**Q** 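This is the structure, below, for whatever I ask next.
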Amino acid sequence: MTRRILVTSALPYANGPIHIGHLVEYIQTDIWVRFQRMIGNRCVYICADDTHGTAIMIRAKKEGRSEEDLIADMSGQHQRDFADFHVEFDHYGSTNSDANRQQCHAFWSALRQAGLVTEKSIEQLYDPEAQTFLADRFVRGTCPVSGHKNQPGDNCQCGATYSPTDLIDPKSTLSGATPVIRTAVHLFVQLEKLRSFLTDWIDSSDALQKETANYLKGYFLAEGKELKDWDISRPGPYFGFEIPDSPGNYWYVWFDAPIGYVSSTKEWCDINGESFDDWWRSESTEIHHFIGKDITYFHTLFWPGMLHTAGLQLPTKVHIHGFLNVGGEKMSKSTGTLISAETYRKYAQPDYLRYFYATKLTPRVEDLDLGIDEFVDKVNSDLVGKVVNLASRVGKFAKNTGLSETYPDDGGLFENAASAGDAIAEAYEVGDYSRAMRLIMELADAANPFVEHAKPWEMKNDSDRQDELRDVVTVALNLFRQLAIYLAPVLPTLAEKCSALLGEPITSWDQSKQPLVGTSVEKFQRMMERLQPEDLQKMIDESKETVDAESAADDRPTFNDSDQPLKDEPMSEEITIDDFAKVDLRVARVLTAEHVPEANKLLKLTLGLGGDETRQVFAGIKAAYEPEKLIGRLVVMVANLQPRKMRFGLSEGMVCASGPGGEDVFLLAVDEGAQPGQRVH
RNA sequence: GGGCCGGUAGCUCAGUCGGUUAGAGCAGGGCACUCAUAAUGCCUUGGUCGCGGGUUCAAGUCCUGCCCGGCCUACCA
């Protein structure tokens, strides 16, 4: 029976380019969609750009253009990136569309009618200069707990969490202005009222992986705990849709984003003459959302609640995947592992990444790791060494021989691979691509020895053995074709090349069951190049550079630091790392600090380097620091400085500080966590 | 602190309902081959299945305690 399946990936936010972490999801989804089509199901893949919110508004302003202009630009970039990676949508919409506005209205009136909307006044920081309310991340200030400076609005590096209104000396990152507290009315959805529905849904449907269902029931839906009201409005100015019955308020971006799934489907329906109800109101249609674990909460509580209230079908399955790590660590700008789709594309084939991700993806919510060496090995040994090489090693003869009229005896290889099709299909179906790839590679491993033992090279110059040669070619190319078919959801390009070589397009899974015989073969052309580790290194290097440039341009708040200090004390001549290494800087704790009666500028300090190791140091900081206030704090000292005999005693090092002297002396501080005795590198 | 997942060969992992001598790919070593993108084939080295208890005729597999790693979440399921 043909299934009717609607598939979505999460809507990428229009505030940045697609990177290889995003691609895990789109590739995962695209593979599933292609697989479904190959086995004959009706499958429509819908996505859109997520375009609203403060971040977009601010960025547009900074770039001096309209939001519409910005999001049109980003949408173009996103779609180009996806196309490069062979991620093919049936429709790619935008949350800033008429269709989405209409759907938002429909959802909203359903929520209103169901009595789920409530109003509350909340206090929030407001930037009087930028004339906008500030989300937590747009405020920085001094932590009220530890006193750390320049901390974000909701938490501090010391581990404390607080409300942005508690920050000491808060500053808006938008304008630098000091925010004021303003009260505004926000609209909330009372999710608690949907508790029993949600509990039932989680229990009765098998839409969620078991771990996710447990997590939701154990955490959000735990007994004695209320689901919090969901704040779904923002006061203007806000780039988004104004709420019809609450002028001056706009739907929060997370309200209209998932509705984009519905509105984008609606657009697709209108374009293609399809009935919307067939896709969102029909029990016989499956709805599959692919998302990352970070947005689990929105897609498993709010979204089902909204769909339920609006009378639309609930998701059949929410496929949740983990995050991408690179080299065992979180992707980061500084190490160059936050690689954009665009940069990747310059150095490696998209299909390689598709294959690598496929070998790593399972139905579990687990992070996956891209190890550079592993990536190179897998692509080169599996795809090039095993799969493509199978075609390559008989390809040259095939143009002359063509394929035999009947399929020759191959010792059961083709039959075996044909019957493996079901197990491979099952693995794709449940999202266990890792297993699917393993099964396919087993087939590839079995295929190559056939060519080896058949020794076609002994036949090629013997005119009497051309029929034999043709049989060998026929077997090898048919086994290769089976692999290409099974890999087609992952490697559409390879399937195309196989199709071109054999003159028959690969369109369906069942083609793997019947050998191709009696046809001619085109001239063989290389199908894949080996991946060079150096190219990946270049990719990483380039990612470092672009991000550095960006962060210099974008992230740096405007500081107007004077150039006087540098003028007063110009830069010294260059030194080598070895020169620097001679200076042994250590973290030290001030154990005692006292005035030296006879000295004008000096304090006498005892510095602890951990354990019993201490140093006596005379420091010229008397005018700037009270001895009592120094005791206990961590400083940085030059620990291997030659001791110097002073009038008041021996000074066994130096405390690091900046400033011209006198009262303007500033000791170097060390961040939380440093231990006395640690060397400063 | 709590919840979840994991710990099997140097690396990445498989191991179904507990059932013979624990497997694969890659990497390493040896040999062979030359059709192929220094590709491939054959052979081979390599494991106290995190640790300790328990259940059982039988435990990588089940139970339990502990250790380690990851993810999630923090006055806390």
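Chain letters run A, B, ... following the sequence lines, proteins first and then strands; every chain starts at 1. Not measured: the values here are computed from a predicted model.
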**Q** Rounding to an integer number of angstrom, what distance separates G15(B) and G3(B) when you compare their P atoms?
**A** 27 Å
**Q** Taking the same atom, C1', in G60(B) and in U48(B), what whole-Å distance lies between them?
**A**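 Pairwise C1' distance, G60(B) against U48(B), rounds to 12 Å.
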**Q** Among the nucleotides C26(B), C71(B), U12(B), which one has an atom lying closest to any side-chain atom of Lys330(A)?
**A**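 Selected nucleotide: C71(B).
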**Q** Roughly how many Å apart are G65(B) and G70(B), using the P atom of each and rounding to a whole number?
**A** 23 Å
**Q** Return the nearest nucleotide to the side chain of Pro456(A); candidates are C71(B), C35(B), G41(B).
**A** C35(B)
**Q** Can you measure Tyr297(A) atom OH to G3(B) atom P for me and round it to whole angstrom units?
**A** 22 Å
**Q** If the C1' atom of A27(B) is compared with that of G50(B), how far apart are they to the nearest Å?
**A**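 Going atom to atom, C1' in each nucleotide, I get 24 Å.
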**Q** Verify ring-ring contact (aromatic ring centres under 6.0 Å, His included) between Trp32(A) and Phe290(A), making sure each step is shown before the conclusion.
**A** CA-CA 10 Å; Trp32(A) 201 76; Phe290(A) 286 78; 5.7 Å; yes
**Q** Using a 4.0 Å heavy-atom cut-off across all strands, classify Val365(A) as base, sugar-phosphate, or nothing.
**A** nothing
**Q** Working to the nearest 0.5 Å, report the span between CD1 of Ile440(A) and OG1 of Thr359(A).
**A** 11.5 Å
**Q** Which sits closer to the 5' end of RNA chain B, Lys378(A) or Val384(A), going by the nucleotide each is nearest to?
**A**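 Nearest-nucleotide comparison on RNA chain B picks Lys378(A).
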**Q** If G1(B) has a Watson-Crick or G-U wobble mate with both distances under 3.5 Å, name it; if not, just say none.
**A**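 Across any shown strand, G1(B) pairs with U73(B).
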**Q** Counting side-chain heavy atoms from CB outward, which of C71(B), C4(B), A36(B) is closest to Glu211(A)?
**A**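 Closest nucleotide to the Glu211(A) side chain: C4(B).
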**Q** In whole Å, I'd like the distance from the CG atom of Asp445(A) to the P atom of A39(B).
**A** 15 Å
**Q** Mind checking who G60(B) pairs with, Watson-Crick or G-U wobble, both distances under 3.5 Å?
**A**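 Answer to the pairing question: none, since G60(B) forms no Watson-Crick or G-U pair.
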**Q** Pick the nucleotide of RNA chain B nearest each of Glu374(A) and Asn380(A); which residue has the one closer to the 5' end?
**A** Glu374(A)
**Q** Taking only side-chain nitrogens and oxygens of Arg438(A), does any of them come within less than 4.0 Å of OP1 or OP2 of G25(B)?
**A** no
**Q** Could you tell me the separation between the CZ atom of Phe397(A) and the P atom of U34(B), rounded to a whole number of Å?
**A**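 Going from Phe397(A) (CZ) to U34(B) (P), I get 12 Å.
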**Q** What is the ring orientation for Tyr219(A) with Tyr215(A), classed by angle as parallel under 30°, tilted 30 to 60°, or perpendicular over 60°?
**A** parallel
**Q** Counting any heavy atom closer than 4.0 Å, what does Glu442(A) reach on the DNA or RNA strands: base, sugar-phosphate only, or nothing?
**A**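 Result for Glu442(A) = nothing.
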**Q** For the residue pair Arg470(A) / Asn400(A), report whether a side-chain donor-acceptor contact shorter than 3.5 Å exists.
**A**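 No, no side-chain donor-acceptor pair sits under 3.5 Å.
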**Q** Of the options A77(B), C35(B), C26(B), whose atoms approach the side-chain atoms of Asp377(A) most closely?
**A** C26(B)
**Q** Rounding to the closest angstrom, what is the interatomic distance between C51(B) and C17(B) at atom C1'?
**A**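 It works out to 28 Å between them.
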**Q** Check every atom of U40(B), G25(B), A36(B) against the side chain of Glu452(A) and return the nucleotide holding the closest atom.
**A** U40(B)
**Q** Checking base pairs now: Watson-Crick or wobble, both atom distances under 3.5 Å. What partners U21(B)?
**A** none
**Q** From the list C35(B), G15(B), G41(B), which nucleotide is the closest neighbour of the side chain of Arg435(A)?
**A** G15(B)
**Q** Between U61(B) and G6(B), how far apart are the P atoms? Round to whole Å, please.
**A** 14 Å
**Q** Would Lys293(A) and Phe323(A) count as a cation-pi pair here, with the cationic atom under 6.0 angstrom from the ring centre and within 45° of the axis?
**A**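 Flagged: Lys293(A) positioned over aromatic ring of Phe323(A).
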**Q** Take atom OH of Tyr219(A) and atom P of C71(B), then tell me their distance rounded to the nearest Å.
**A** 18 Å
**Q** Looking only at atom P, what distance separates G54(B) and U16(B), rounded to whole Å?
**A** 25 Å
**Q** Please determine, for C42(B), whether a Watson-Crick or G-U wobble partner exists with both distances under 3.5 Å, and give it or none.
**A**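 Pairing partner: G30(B).
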**Q** Could you please spell out the steps behind the side chain to side chain donor-acceptor pair (under 3.5 Å) verdict for Tyr428(A) and Gln36(A)?
**A** CA-CA 9 Å; Tyr428(A) 272 118; Gln36(A) 293 300 340; over 6 Å; no
**Q** Quickly work out the Asp432(A) CG to G15(B) P distance and round it to whole Å.
**A**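 Result: 9 Å.
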**Q** Of the options C71(B), C5(B), C13(B), whose atoms approach the side-chain atoms of Asp367(A) most closely?
**A**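 Nearest nucleotide to the side chain: C71(B).
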**Q** Any idea which heavy atoms bring Leu494(A) and Phe480(A) closest together, and the distance?
**A** CD1-CZ, 4.2 Å
**Q** Side chain to side chain contact (heavy atoms under 4.5 Å, CB included) with His321(A): which of Glu366(A), Glu25(A), Arg364(A)?
**A**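 Checked Glu366(A), Glu25(A), Arg364(A) against His321(A); only one passes side chain to side chain contact (heavy atoms under 4.5 Å, CB included): Glu25(A).
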**Q** For Lys293(A) and C72(B), give me the distance from atom NZ to atom P, rounded to whole Å.
**A**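 Rounding to the nearest Å, NZ of Lys293(A) and P of C72(B) are 4 Å apart.
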**Q** Asn448(A) side chain: which of U37(B), G41(B), C26(B) is closest?
**A**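 It is G41(B).
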**Q** Please give the distance between the C1' atoms of G47(B) and C11(B) as a whole number of Å.
**A**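 To the nearest whole Å, 14 Å.
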**Q** At under 4.0 Å between heavy atoms, what does Val472(A) touch on the DNA or RNA strands: base, sugar-phosphate, or nothing?
**A** nothing
**Q** Which nucleotide in the list C72(B), C26(B), A39(B) gets nearest to the side chain of Asn389(A)?
**A**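 Among C72(B), C26(B), A39(B), the one nearest the side chain of Asn389(A) is A39(B).
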**Q** Quick one: is C35(B) close enough that its OP1 or OP2 comes under 4.0 Å of any side-chain N or O from Lys460(A)?
**A**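 Yes, Lys460(A) has a side-chain N/O under 4.0 Å of OP1/OP2 on C35(B).
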**Q** Rounded to the Å, how far apart are Tyr357(A) OH and U12(B) P?
**A**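 After rounding, the gap between these two atoms is 18 Å.
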**Q** Could you tell me the Watson-Crick or G-U partner of G6(B), where both distances fall under 3.5 Å? Say none if there is no partner.
**A** C68(B)
**Q** In terms of side-chain heavy atoms of Lys386(A), which of G41(B), U34(B), C26(B) is nearest?
**A**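 Minimum distance to the Lys386(A) side chain belongs to C26(B).
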**Q** What is the separation between atom OH on Tyr215(A) and atom C1' on G2(B), rounded to the nearest whole Å?
**A**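 Value for this atom pair: 13 Å.
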